[in-house]
Amino acid sequence: MTALLQSESRTSHAPVGENNANDADRSAVRRPDDALAGDVIRTLRHDGTLDPAHDPKLTRDEILGLYKLMVRVRILDDRLVALQRQGRIGFHIGSLGEEAAILGSAFAMRENDWIFPCYREFGAALLRGMPLQRYVDNMFGNANDPVKGRQMPDHYTYKKGHFGSISSPIGTQITQAAGFAWAAKIKKEDIAVLSYFGDGATSSNDFHNGLNFAGVFRAPTIFFCRNNGWAISVPTERQTASATFAEKGIAYGVPGVRVDGNDIFAVVKATRDAVARASRGEGPTLIEALTYRLSGHSTSDDPKAYRPDNTLDPWRALDPLARTRRYVEQHLGWNDDAQRALETEMDAEIKAAVAAAEKTELPSLDSLFEDVFASLPWHLEEQREELRKGPRAKGHGAH
Amino acid sequence: MTALLQSESRTSHAPVGENNANDADRSAVRRPDDALAGDVIRTLRHDGTLDPAHDPKLTRDEILGLYKLMVRVRILDDRLVALQRQGRIGFHIGSLGEEAAILGSAFAMRENDWIFPCYREFGAALLRGMPLQRYVDNMFGNANDPVKGRQMPDHYTYKKGHFGSISSPIGTQITQAAGFAWAAKIKKEDIAVLSYFGDGATSSNDFHNGLNFAGVFRAPTIFFCRNNGWAISVPTERQTASATFAEKGIAYGVPGVRVDGNDIFAVVKATRDAVARASRGEGPTLIEALTYRLSGHSTSDDPKAYRPDNTLDPWRALDPLARTRRYVEQHLGWNDDAQRALETEMDAEIKAAVAAAEKTELPSLDSLFEDVFASLPWHLEEQREELRKGPRAKGHGAH
Amino acid sequence: MPQMNMVQAINDALRIEMRRDHRVVVLGEDVGKVGGVFRVTQGLYDEFGDDRVIDTPLSEGGIIGTAIGMALYGLVPVPEIQFSDFIFPAYDQIVSELAKYRYRSGGEYPAKLVIRTPVGGGIRGGHYHSQSPEAQFIHVAGLKVVCPASPADAKGLLLASIRDPDPVLFFEPKRIYRAAKGEVPEGDFVVPLGKANVVKPGVHVTVIAWGAMLYEALEASNQAGKQGIDCEVIDLRTLWPLDIDTIIASVKKTGRVVVVHEAPKSCGLGGEIVSLINEKAFLHLEAPPKRVTGFDTPFPYTLENEYLPLAHRILPAIVETARY
Amino acid sequence: MPQMNMVQAINDALRIEMRRDHRVVVLGEDVGKVGGVFRVTQGLYDEFGDDRVIDTPLSEGGIIGTAIGMALYGLVPVPEIQFSDFIFPAYDQIVSELAKYRYRSGGEYPAKLVIRTPVGGGIRGGHYHSQSPEAQFIHVAGLKVVCPASPADAKGLLLASIRDPDPVLFFEPKRIYRAAKGEVPEGDFVVPLGKANVVKPGVHVTVIAWGAMLYEALEASNQAGKQGIDCEVIDLRTLWPLDIDTIIASVKKTGRVVVVHEAPKSCGLGGEIVSLINEKAFLHLEAPPKRVTGFDTPFPYTLENEYLPLAHRILPAIVETARY
Ligand SMILES: Cc1ncc(C[n+]2csc(CCOP(=O)(O)OP(=O)(O)O)c2C)c(N)n1
Ligand SMILES: Cc1ncc(C[n+]2csc(CCOP(=O)(O)OP(=O)(O)O)c2C)c(N)n1
Ligand SMILES: [Mg+2]
Ligand SMILES: [Mg+2]
């Protein structure tokens, strides 16, 4: 009898050699064949057919709708990076390469379900109905920004679409999602909550707390880990010594599932299954979506400093957009004309939204003091008066 | 193919029914036959023989030495509770029922190894050579208290015996132990670090951080979880939905092992194996020692409010002291006379130590300000002067 | 009116509000079956069940993080942190999340909850069962902070806190949990947040205190009275946002101030009060405002009564200030 | 002497000390191969290797908790927290453990480490890449707190911090990481902790600042000079324990004080300084000490320059104080 609970050999991270992070060759970069080995759900086969065992049975319109949204998200990403390079917005953090993971999972949620986002899921917000203008206004932090110019770009909200508040500290939304779902369970409302986070976030206090509480109280939470290989410059093999992220669920009595995150069909299926489990009262699920961050971490990051560009090639070959496009071309009659029309349309939409956003004034001085509390206490009233009467900072004379 | 990583059915906690904490019958109390089911290392069989597969091969002197120390620890525990009830000390947190887990694991460590304690391991400190007087002085918080009366009773240190500093916040020592061991590894020193904590502590941020860092950096740490069934009034099944605590190691690539914590032979064996692994450079091990808190949480706790006394009976039958005593009586010629002599001796020792501690003056006023920093900054000098010249609090006129 | 101690008064408030408002849930370590290590939640588990009085795993970050989620859903969680010394594993969720939620979401997601936690020294708890961390929360914009000194205030302020739209840290001075007894109005009863209480009017020195130290301030003031010094003693009650009007009115009358608190002196609330008085009543000051506080050391065990700003340390400060 | 910016000066200090003292290790998120998100540790990984310049998992609690363990072992860890806004998941390890280790162990286990972390606004970082949490650490006994304003001070103070026997929080004002340039002594060079720097002597108003706001204080003082107001500008450098002698000597000369800091006003270090001045130089005060600080709101994104206590807000405070 051996009582040693050994984790299986590592399949997800370093391509070769043993798990000895401290001695490991740090230049080793995860290749898809390592990452996608083992028990990973895949639906969209390399030959362009769908594995019936994991087919979410999407309608033609659903598939085309998802594909179009993937394209829109990518174009938007591209334009926002350009705007940042031009100095017109301050920052952008995108989802290049992760569109299938993000859109597939958000799509699988029911209308009454909720999303507790990380910072890369603007695609999910658009899917939940957030107007493009609202998003772009946030990128400019202007007076129409849903968060009133208080947070950085990519930190918007959209309550109407059951899309939560974004904050920068890694992981905090995980525990909050568990609490939200738990509250729904207490109130006997059949809703599920989707919480997004990265591979790096699995090391946070909140991953531990969120999964543990959800496990104990069977909160209908779907913990969706976008394993994109990196936490800024830190590769997954430096993040944990566990063989996979999915198996971390064992520590919490939470079933874990691994899915090809660049396969939008598989992502929809895995997330739907998790929603069904939650709805049956069986509690939370941890989904590890294997994908890859094809861009830098954000516009502030230069990935060349730690990741030779050619190591991306095998992952580029698995680009979720290209894979989905092949499918819609093969099976649903999509073609270059349709693609061009879509791109043109999106271009125009973005241009219009940007133009409107740039024309919009900055948030008012008074807005600096609102919403700290439900109403203004004396000390903030005094500080507001001070700012109102005082000289203005350079460049803010307008409002 | 199912990609669902299901944890096995629960063996450690609620005796019957499914894992649905929120609905579970909260009066369910863990019974040893449930707790000790499954892959649990046991050496000392119920018939009094040792399972050769897990025999640590202790010498006669070692066994008798360990047994005697178990007795001393229990007597000490008993007297300290009495002193608290008499109002002569303020607090005690004991190890009733957990002596085998604590002493067996500490015994398995090599002389150069280190211990990062929780708060119940005064037995381990004594095993590492801490003079009884030092411990008792801490219980009285007098001028000879190693921590100068600054912390509560049971918060001593013993650096000479490689025994760390005790603090009340649950779990913090786990991460520190990992860092200490990691530093030794960086310095290529062959030492291992034993970190004690309870089942409740597995829910802390630090459990997550300590195990994750130790896993990634292969720090030679032995994470020793005293699963005593309770975190004050909260039973283990409310602490986590994982089937065992040992399997939490999977989340960190850290092997987990379960051991009968009331079997001192098994505990020595499991810990020695972990030390050997660490020494071979194979990194950390998580040990779950299945034991039971036979007393209240501390002298401040009244367990009758949440745990009917008779539910303890099956665990009392597994009392580690009684089990070891049966062994030494059967095999090593121990008898009632020897027992009485030992008890008398320990009684006298404690009496003497208590008398000495009670005679010792309180820590000096000046000691209040020392050791905040290596030397006294101006503001603490001023505060010290204020206290020196000011009127004294009632009852502290003496110093 | 019935006589209650502070534990009973808080328990009463929780029961009243849980009966009235079904969104209110209590969660924390040992709060359920056993009713909390100080027995403040005793009996609530039996009345309201496991879905509303919830024993949680041992993780303050988990307690506050999930409570925020519950609040976003629409419940009104009243989590308990067993000792305020153990609030720090949840500090990130409190200061980075809870305090900023309404603001950072443009008002879309207010996160309303009340964190109850025993505070301060007086039970021989040493480093980790004695601290008073109010300043570490006041400095962070977005939190209200309350600390009652009497059973009636404990009840009335807790009910006000639960009904207030903003997140509240409700510090319960454990030294007087059972020692402070008094009449407590029956049934629904609210003491408004943001209003200090002039416990004893006077003309020579303004003494500002709260929680357990209020009684020490009163004791010292009585002793000062025997020397002809007539103190005005203010119980702050709501520590943030504080009742600046009451403070300034008193200082304008007396020109002399002593602030008392258990927390270490440096960057404590005392310093803030002194600075505000400088800003608003400088020309009225006839003596330098004094702070009588815990020392800038960890909280000690044996010398607890030397560390605390008890009456024997407050009295000389009052006398010095009066005679300045 | 070579010209350096602050990033280069800190890098230089780390390199010098790592060469001199093999116990020094650097750890944190992205500090290794890529040299930190601000490139402060650039090149150290190549020179000292993965055992001494360590990329860690994404957990500040893990970074500080293991660093404490390393320190107990005898190493001298210099962990980096990527932004001081992200220090709060480690707050418990810092305030409950690091700050108290020497004290609580009766001196047996001092835990010495230096936490480096970028602080303050000025890079359009919004709520979570802009805060200045010094007061939340000063209030806790047992920590030293440093914040340099020039490249030379950054180097000298960091070397002093690493060699100091106590734990140090070393805040690096990111707004001037590259903007502040100056001559930096080559090789080993120490600026002692606890000594403020009178950057500009003057007789009318004492202006106290540190970090990036020092330059705003200087700018405002220069403008005030044009109105005939001669300010004495003090760069605090070590925020705790602070250089009380320099402050009091200056206030005794000027009788007027303006304190500037980015952190929110309430319970900030400014309040502590004002209170100390009250205690030690009350009769010298000719005007109420003023605080020009961040507002008591979360740190905003778009209106960052309205929030910060920049020169345009400091100047009126100086003028008002001078004319009081
Ligand atoms: C608590 C905290 N620490 C550090 C950071 C800085 N930071 C921002 S994103 C990031 C990496 C996150 O990696 P991962 O979780 O894998 O998400 P990804 O960016 O890959 O989607 C870090 C370290 C932060 N935002 N919060
Ligand atoms: C961070 C923190 N939260 C709460 C407490 C209060 N507390 C002290 S011991 C304890 C239970 C610990 O249970 P466990 O880890 O199982 O250890 P055991 O006492 O059973 O040995 C609690 C909740 C604490 N000391 N620290
Ligand atoms: Mg990632
Ligand atoms: Mg336990």
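The chains referred to below are lettered A, B, ... by the order of the sequence lines, with proteins before strands, and numbering in each begins at 1. What's counted below: heavy atoms across the whole structure, side chains too, no hydrogens, waters or symmetry copies.
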| Does the pair His139(C) and Gln136(D) meet the rule for a side-chain contact (heavy atoms from CB on, under 4.5 Å), with working shown? | CA-CA 8 Å; His139(C) 184 54; Gln136(D) 283 145 287; 3.5 Å; yes
* For the pair Glu279(D) and Lys290(C), evaluate salt bridge (charged side-chain N to carboxylate O under 4.0 Å, His left out) and give the outcome as yes or no after the intermediate values. => CA-CA 7 Å; Glu279(D) 285 165 22; Lys290(C) 262 199 184 296; over 6 Å; no
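Counted within 6.0 Å of NZ on Lys195(D), heavy atoms from surrounding residues, nucleotides or ligands total 12 or fewer; the atom is thus considered open.
Phe88(C) has its side chain out of reach of Ile94(D): every pair of non-hydrogen atoms, C-beta onward, lies at least 4.5 Å apart.
Judged by distance alone, with hydrogens and angles left aside, the side-chain atoms of Tyr103(C) form no donor-acceptor pair with the main-chain N or O of Phe299(D) at under 3.5 Å.
If you measure heavy-atom distances from Leu276(C) to chain D, the contacts under 4.5 Å come from both the backbone and the side chain. Tyr128(D) touches chain C through its side chain: at least one heavy atom from C-beta onward sits under 4.5 Å away, while N, CA, C and O do not. Of the two parts of Phe86(D), neither the backbone nor the side chain holds a non-hydrogen atom closer than 4.5 Å to a non-hydrogen atom of chain C. With a 4.5 Å cut-off on non-hydrogen atoms, Glu60(C) does not touch chain D at all. Residue Ile87(D) does not touch chain C at all, counting heavy-atom pairs closer than 4.5 Å. Heavy atoms of Ile273(C) lying under 4.5 Å from chain D are absent altogether. There is no contact between Ala90(C) and chain D, counting heavy-atom distances below 4.5 Å.
Contacts with chain C were tallied for Ala281(D), Ser266(D), Pro89(D); Ser266(D) has the most, counting heavy-atom pairs under 4.5 Å.
For the residue pair Ile138(D) and Cys267(C), the shortest heavy atom distance occurs at CG2-SG, 3.8 Å.
We find that Glu272(C) and Lys265(D) are not joined by a salt bridge, their nearest charged nitrogen and carboxylate oxygen being 4.0 Å or further apart.
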